[in-house]
2 protein chains.
Amino acid sequence: MTNTVATKDRIIDAATLLVSEKGYLGATTREIASRAGVTELTLFRHFGSKERLFEALLGRQMFLPRLKEIMPKVDALSYEEGLQVIGEGFLLSLKERKPLIKIMHSEVNHYPDKVRKIYNQLIDATREVLKDYFAGLQKKKVLRAFGPDMAAKAFLGMLFSYFRTEEIMRGVDITRGGRLSRDVRELVDLFVNGTASRNGAKRRHS
Amino acid sequence: MTNTVATKDRIIDAATLLVSEKGYLGATTREIASRAGVTELTLFRHFGSKERLFEALLGRQMFLPRLKEIMPKVDALSYEEGLQVIGEGFLLSLKERKPLIKIMHSEVNHYPDKVRKIYNQLIDATREVLKDYFAGLQKKKVLRAFGPDMAAKAFLGMLFSYFRTEEIMRGVDITRGGRLSRDVRELVDLFVNGTASRNGAKRRHS
DNA sequence: GTCATATGTAAGTAACTACTTACATACCTC
DNA sequence: GAGGTATGTAAGTAGTTACTTACATATGAC
């Protein structure tokens with residue numbers, strides 16, 4: 001068994017890319033095998049069926065929420081700087097998982113349970129970490145009173161929509177030309193300071 | 001030509017629903033015709049091919065951005081109340097267009113140009129209106145200085161992600177039990193007032 | 001009543017797809 | 001060199017799909 005593991009992985013990689021481009025039905029076993037540099041027969045010998053290959057593809061992704069690892073570093077920063085680091089990290093990890101994100105979007109109906117599970121691992125886990133971050137800062141009175149869970153949803157939602165619009169819908173590479181930092185900074189500013197003017201005149205106008 | 005228009009519309013409606021459930025490849029012409037209550041042959045007589053039916057499906061959606069119509073009403077409200085109305089209206093119109101939203105998500109790769117066009121009409125048009133709203137209030141000093149375009153992206157992004165998570169990923173009906181108003185209120189509060197505590201102590205902590 | 005229009009029934013076709021079977025070959029281990 | 005393991009070649013199968021052809025039927029307009 002020299003390179004059997006490598007073969008299996010190459011097939012899964014090819015499948016991940018192809019399914020993310022053409023969808024589960026559009027990605028044929030023949031083309032997946034061809035892109036992996038193996039025969040169709042080899043694909044079936046490894047996975048038995050297309051469906052099981054797809055399950056393996058979904059199952060291989062494990063999201064040790066990387067955010068957890070950078071939180072110590074974040075805790076040493078100011079609130080705004082911390083959010084900046086979190087925001088950029090989140091977007092970069094979305095970018096790394098882009099094929100999987102696309103599969104999640106297209107294949108929710110085809111494989112609801114597994115896809116939702118992935119979604120949970122990817123988004124909800126991150127949200128939990130962020131929620132605790134907010135709650136901690138609220139105790140220290142750095143942050144005002146608000147629902148930390150909804151706030152985490154809001155912050156990640158802004159970023160996720162940004163990612164989907166630019167990378168997936170428009171096909172733009174957000175990592176080029178320092179756009180990422182600049183845009184995140186703008187979003188963080190809004191999230192930290194809100195939009196109302198500071199003099200408390202937020203009641204009525206006209 | 002008694003009910004020829006009705007037939008064509010029924011086919012498009014059936015196709016919209018089926019494609020949103022199973023994707024373009026997963027929705028067979030036979031099942032579409034069956035759901036529309038016609039023969040497969042009738043479908044092909046009307047549209048010539050599955051591809052052209054799909055184009056018709058996408059083309060039929062016209063988004064007179066309904067937000068534009070409610071803006072006069074919004075202008076009479078306070079900033080927060082205005083955002084509340086805008087937010088709820090946006091979510092409700094997403095909910096109405098849910099099948100189309102799902103198609104947009106799944107079929108970006110299959111039909112990039114047309115789908116992007118729809119996306120623009122649906123999201124970007126709304127964003128423009130919101131951007132002008134912000135810019136107007138900034139002139140009146142009701143709002144502080146910030147990039148109105150990114151702010152519009154942020155606000156709609158929060159709402160869109162909320163919609164996608166609850167309605168599409170989790171299959172929850174957001175219109176039930178007053179959840180909609182309550183959640184929008186929470187998001188609006190965050191967007192208006194931000195998250196930092198009011199006493200300006202937003203520099204450092206620990 | 002004739003004619004055009006819209007739809008139906010029935011049968012079929014060519015292409016493709018996931019998957020299989022039978023047999024051969026290369027490589028590694030012992 | 002014997003045998004196990006991973007892969008390849010070649011051919012094929014059963015099912016499905018988009019789409020077609022030929023013929024019949026109903027309906028409304030004039």
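Naming convention: chains lettered A, B, ... in sequence-line order (proteins, then strands); numbering from 1 in each chain.
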For [X], give me all partners under salt bridge (charged side-chain N to carboxylate O under 4.0 Å, His left out), at least two apart in sequence or on another chain.
X        : value
A:Lys98  : A:Glu167
A:Lys117 : none
A:Asp149 : A:Arg127
A:Arg35  : A:Glu21

For [X], enumerate each residue passing the side-chain hydrogen bond (donor to acceptor under 3.5 Å, both in side chains) test, keeping only those at least two apart in sequence or located in another chain.
X        : value
B:Asp173 : B:Lys95, B:Thr175
B:Thr195 : A:Tyr79
B:Glu96  : B:Arg66

Among B:Thr29, B:Ile32, B:Asp13, the one residue meeting side-chain contact (heavy atoms from CB on, under 4.5 Å) with B:Leu18: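 The side-chain contact (heavy atoms from CB on, under 4.5 Å) with B:Leu18 is passed solely by B:Ile32 among B:Thr29, B:Ile32, B:Asp13.
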Length of the line joining [X]:[atom1] and [N]:[atom2], which is rounded to integer Å:
X       : N      : atom1 : atom2 : answer
A:Leu43 : D:dG8  : CG    : P     : 11 Å
B:Ile11 : D:dC19 : CD1   : P     : 14 Å
A:Phe47 : D:dT7  : CZ    : P     : 10 Å
B:Arg30 : D:dG15 : CZ    : C1'   : 11 Å
A:Glu31 : C:dA18 : CD    : C1'   : 15 Å

Side chain to side chain contact (heavy atoms under 4.5 Å, CB included) with A:Val85: which residues, sequence neighbours excluded?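 So A:Val85 forms a side chain to side chain contact (heavy atoms under 4.5 Å, CB included) with A:Ile70, A:Val74, A:Leu77.
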Kindly write out the residues that satisfy side chain to side chain contact (heavy atoms under 4.5 Å, CB included) with A:Arg30, not counting sequence neighbours, or none if the list is empty.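 With sequence neighbours excluded, A:Arg30 shows a side chain to side chain contact (heavy atoms under 4.5 Å, CB included) to A:Thr28, A:Glu40, given in chain and number order.
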With a 4.0 Å cut-off on heavy atoms, is [X] in touch with a base, just the backbone sugar-phosphate, or nothing at all?
X       : value
A:Thr28 : sugar-phosphate
B:Ala27 : sugar-phosphate
A:Thr42 : sugar-phosphate

What residues in residues 103-110 of chain B put a non-hydrogen atom under 4.0 Å from any atom of DNA chain C?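 The stretch gives none, as no residue of it lies under 4.0 Å from the strand.
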Quick one: do B:Arg116 and B:Asp124 make a salt bridge, cutoff under 4.0 Å?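 No.
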The side chain of B:His46 is closest to which nucleotide in this list: D:dG8, C:dT7, D:dT17?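 For the B:His46 side chain, the nearest candidate turns out to be C:dT7.
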Going 5' to 3' through nucleotides 19-25 of chain C and flagging B where a protein heavy-atom sits under 4.0 Å of the base, S where only the sugar-phosphate is that close, and - otherwise, we get B-BB---
Selection: residues 12-26 of chain A, any non-hydrogen atom under 4.0 Å of DNA chain D: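 Hits under 4.0 Å, by residue number: none.
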